[in-house]
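Reviewing the structure listed below.
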Amino acid sequence: MRRAVVALVLLALAGCGSEGAAPQGTMFLLDTIRQARKGGDEPQVTALALTRAGVAEVDYPLIRIRVEEGARISLMYQGQANARHRTFYDIAKTSFTFRAGVLTATRGLIPDLYQVDAPQLLALLEGSGPAGKAQRIHRRMDATAAIGDEVYDCVLQDAGPEDIVVLDAPAATRYVTEDCTGPAGSFRNQYWQGADGTMWLSKQWLGEDLGYLLVERLVR
Amino acid sequence: MTSTDRRLAAVALALAVLAAPAARAQDPVGYNLYGAPGLIDMPVGTPGADADFAQTLSYFDGGDKITLSFQMLPRVSGSFRYTGVRDLNFSGFQDYYDRSFDVRFLALKESRWLPAVTVGLQDFAGTGLFAGEYIAATKTVLPNLSLTLGLGWGRLGADGSDRLPGAPTCPPPAGAGGRPNADSWFRGSPAPFGGLSWQATERLRFKAEYSSDTYECESGSRGVFDRASPVNFGVEWRATQRLTLGAYSMYGNGLALSANVILNPRKALVPLASPGPRAIPPRPDRATNPVAWGTEWHALPTSAPILQESLRGLLQAEGLILESLTVGPQVAELRFRDRTFDIRANALGRAARAMAIGLPASVETFRLVPIVDGMAAAVVTVRRSDLERLENDPRGAEQLWARTEVTDAGTLPRLAPVPGRYPDFRWSFAPYFRTSYFDPSEPIRTEAGLRLRGEVELRPGLVLAGSSRLALAGNMDDARPSGPVLPTSPPSVRTSWPLYERTDGPKIEYLTATQFFRPGRNLYGRVSVGLLESMFAGVSGEVLWRPVDSRLALGVELSHVRQRDYDMRFGLLPYDVTTGHVSAYYDLGGGFLAQVDAGRYLGGDVGATFALDRTFANGWSVGAFFSQTNVTAAEFGEGSFDKGIRFSIPVTWLNGQPSPTRLGTTIRPVQRDGAARLAVRDRLYDRLREDDQGSYAISWGRFWR
C-alpha cells in the first residue's frame, strides 16, 4: 500500500513538475507527510495545490527539493535534529541531511552522496569564517563499501544582499556562491541565506549522475 | 552453490547485460576472440582493469569459444575457456571440445616512453591444442591509437602446435591433459605478431593485426578452415556500458563474431536503492534534564518486556529479527538475526539505530550480537555517545570503527529467545533450472522443474531442512556415467552422477537435522545427520576455531557417509566411507583468502585441496582451486587431477535491493572421482565469514547507510 502511495505521489509530481526551471504549481501531499511524521500506518492521500496558503498551517520545518536529473521533486519534513545537523525525509524514506543549509549527506538516493566535508563553507555560513579559497570533499561509497574521496578546490564569494521569493513569500537573503573544480568536474553551488541563518534557497551539486539539487525552505 | 543458483546467475547476468545503460568512455584495448585482453586473435600487452570479470563468446570457423577471464591483481589475470571446433575429427570426436586455462603477468606498466609488456601462457595445462606462450608489448601512441608487437611460441610460434620432439603433425598428445606442460613453454621457434587498435568514437573501435597463428591443425588435411592470409581486421561496437560486440574478417577467408561483457565488483549493475535509515536521536542534555537520564525504570518489572517489544518492532521495520534483549541501567545487549542485508555492517548500523531510538537515555553501551544459525557470531560494542557524535561527521565511518570493539561471543550465557520466536519455519516452492557442462556429446545439458524447500529451526541452532525437486523437462537424463578408468581408480563417487538423473518422480536433494553450537571461546560446532547431499547420506561433524580478530581459522570435519540410491529417495547403496579434512583458512589481506583442506576424500583417496579466492566486502568472490591426492594421473583419468574455478555474485549487486543471497557456481573442467569432497551444506567458515573484524573493517562505511 505504501509503495502504491509513493508511486502515486511520484506520478502526480512528475506529471506536473517535470518541465520548467522552477517547480511552481507542483501538487503535493501534505496530509501524507503529516501522517508519516506521526507514524500513521496507511496515510490518506490528499493532493493539494502547493501555495503559501496551503502550507500556512504547517507547524514543522518543511522543504521542497528538486533533483535535476530525473526531475525528482519531493516535499521533505524534518525528522531529526542532531547538534547543528537537520535530517529531512520524504515519504519514501529518502533522507537529506543539512548543516546550515549545506547538504552533508543523502541516504536512499541513487547514487548517494555519502558525506560532504566543506569546513570553510560552513564557517562562512555560520558566521565564523571568511570567503575566499576553500576545499570541498565529496565522499562516495562504491558497491564493495569502499569509500572514496572526490576533492574539489573551491572559491567562496559573499555576493551581498539579494531579495528572493520562495513560494510567493519574499525573503531578504545574502547570496553566497561556491565555485569548485576537481577531477570529477566543475560546478557552482549557490546559497540564499536569511539574516537569522535560515537557508531559504540553495542549488547544490550532487554529482555527474544527478546534477544539481534545488532546495527551497517552505516552512522554517 | 546449487544448480538453480548457477542457472539464475546466468539469467541474471544476461538480463543485466541487456539492461545496462549507456556507454562509458575510453577503455583498454578490449578483449580478443580468446577472451583475453587482445586484438582479434592475438593478445596485447595491456591488462584489463583491476578486478574486471570478463565473459567472451566468440564464433569462428577456427573454433567457437566461451571464456571467463578475471583480473586477479593489477598485474595478474587468468582465464578459463571452453572451445568447440566443428569437424576437427580429433581424439575420436567429429566436433572437438576443449577446456583450457591461461595465465598472464604484466611485466612492465605502460609509461610515457615505454610500452606495457605482458608475458602470457595460453592453454598452459590443457591437452595442448591451443597451447602457446607470448610476450606482447603495447604502447598508446596517440590518445585513441595503440600499437602492439609481440613474439609467440607454440600455437603462436613458427612451429604451430608441432614443437614437441616426436609429436605427430597435429596436435601434440599431452596424455590425459590437465597438467602444466612446463617442459614445452617457450620452446620451438618464435614468430612475430602485431597490430593496432583505434578507438574512433566513444562506441566504435577498429582493429587490425598480423597473426602468427598458422592454424596448422585446422587448415591442413582436416579441412576445418583454410587460412589464406595472416591478416585480420574488424570493428567493435560498445553496445552498452558493459557489452561490446565485434565482427572481424579472419585470415582472408572467414568471418568471426564476438560478444564481450565486463563486470566489476566495484561497479554495481544497479546501485543500492534501499530506503535510508532513521537518524540517531540525540539524548536530552544531562545537565539541564537529569530526570531523563534516571535509572529508576530498571527496577520496574514492566520495563524489560516493554523495551523488548519496542525493539522487536524497531528491528522488524529494518528487516531484522530480535532474538533477545538484555538491558541494564548503562549497558544493553541485543542479539539479532539478519536475513535482509548484503553486508553485515549495514545490519549492525540499523540495529544500533534501533537501540538509540528505543532505549532509555542512561543506556550508554550497546553490545550488538549477530546470530548466525543460532550461534552468536561476534560481540560488537559501540558507545551511544559516539553514535550521536559521529553520525554526521565527514569521517564518521573511520572514526566510529576506531572506537568499535569486536570480541568473541563464545562465552556469552544462553538466553531465552523472545516469546514466539521459535519454532521458526520457512519454506519455498519455486521453479528451478539445472545445468551440466562439458559432456563431449552434449556440451550443455539442462533441466527444468519444480522445487519445494522447507526449513524449521526448532530452537536456536537446531535446524531441520529439506529440499525436493521434480524434473519436468530437460536432457540431463541422457548423460552416461563415465566411471573409473582403471581398476585401481577411486570408486564412482561422482562419475556415477548420470545414474541419479535417470529416475522419474520427485527426488530428495537433502533432508537433514543439524545442530549448530558454540563449544567454547573462539569455537564453533556443527553436527548434521540425514541425507546430506544428493549422492551421500550419513552423519557429519565439524568444529571450527575462529577468533574474530584473527586472520587464521582452523577447522576439523569428520563424516561417515553411505552412497545414496540412484532414485534419490531414502534407499542406500553398499558403498560407505569415512571422510574428513582438517582445514586452514587464512586472510592474506587485500581481499585474498587462502584455504587448504587436507584429508580423506569420498573415494577414499588422501590428499589436499588448495584454493585461493579474491573476495570483496559485498560478497563478490572469484577463485581457483586444485587438489593433489594419492590417485595417480592415470587413475584419475581425463584432466589428470581435480581443479576448477568458482565465483559468486551478490544479488544486491545485480538488482540494488538488499539481500544476503549470492549467486554463483563452481566450474570443473572435468568431474572425476579423485579428490571428490562431501558437499555437506552449511560449512561453518562460509556461514561465519561476514562476522569477523577483517570483514567489518573493510565494510564499516555501510554501518551508517
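Chain A is the first sequence line, chain B the second, and so forth, proteins listed ahead of strands; every chain is numbered from 1. Source: prediction; values computed, not measured.
When the candidates B/P282, B/A273, B/G619 are compared by the number of heavy-atom contacts under 4.5 Å with chain A, B/P282 comes out ahead. For the set B/P275, B/G591, B/A397, the entry with the most heavy-atom pairs within less than 4.5 Å of chain A is B/P275.
A/Y114 contributes a side-chain N or O that, together with a main-chain N or O of B/G701, makes up a donor-acceptor pair within less than 3.5 Å. Using a distance-only test at 3.5 Å, with no hydrogens or angles considered, a donor-acceptor pair links the side chain of A/N82 to the main chain of B/E388.
Separating the CG atom in A/D142 from the CG atom in B/L272 is a distance of 11.5 Å, to the nearest 0.5 Å. Atom CZ of A/R139 sits about 4.0 Å away from atom CD of B/E398, to the nearest 0.5 Å. One finds the CD1 atom of B/I343 at 7.5 Å from the CE atom of A/M141 (value rounded to the nearest 0.5 Å). A distance of 11.0 Å separates CZ in B/R702 from CD1 in A/I147, rounded to the nearest 0.5 Å.
The stretch residues 348-363 of chain B places none of its residues near chain A, where near means some heavy atom under 4.5 Å from a heavy atom of that chain.
In this structure, the portion of B/D393 lying under 4.5 Å from any heavy atom of chain A is its backbone and not its side chain. Interface remark: B/P277 contributes backbone and side-chain atoms alike to the contact with chain A (heavy atom separation under 4.5 Å). Within the 4.5 angstrom heavy-atom criterion, atoms from both the backbone and the side chain of B/S699 approach chain A.
Residues A/I137 and B/R395 form a side-chain contact, since some pair of their non-hydrogen atoms from C-beta on lies under 4.5 Å apart. Side-chain contact check for A/Q115 versus B/W704: every heavy-atom pair is 4.5 Å or farther apart.
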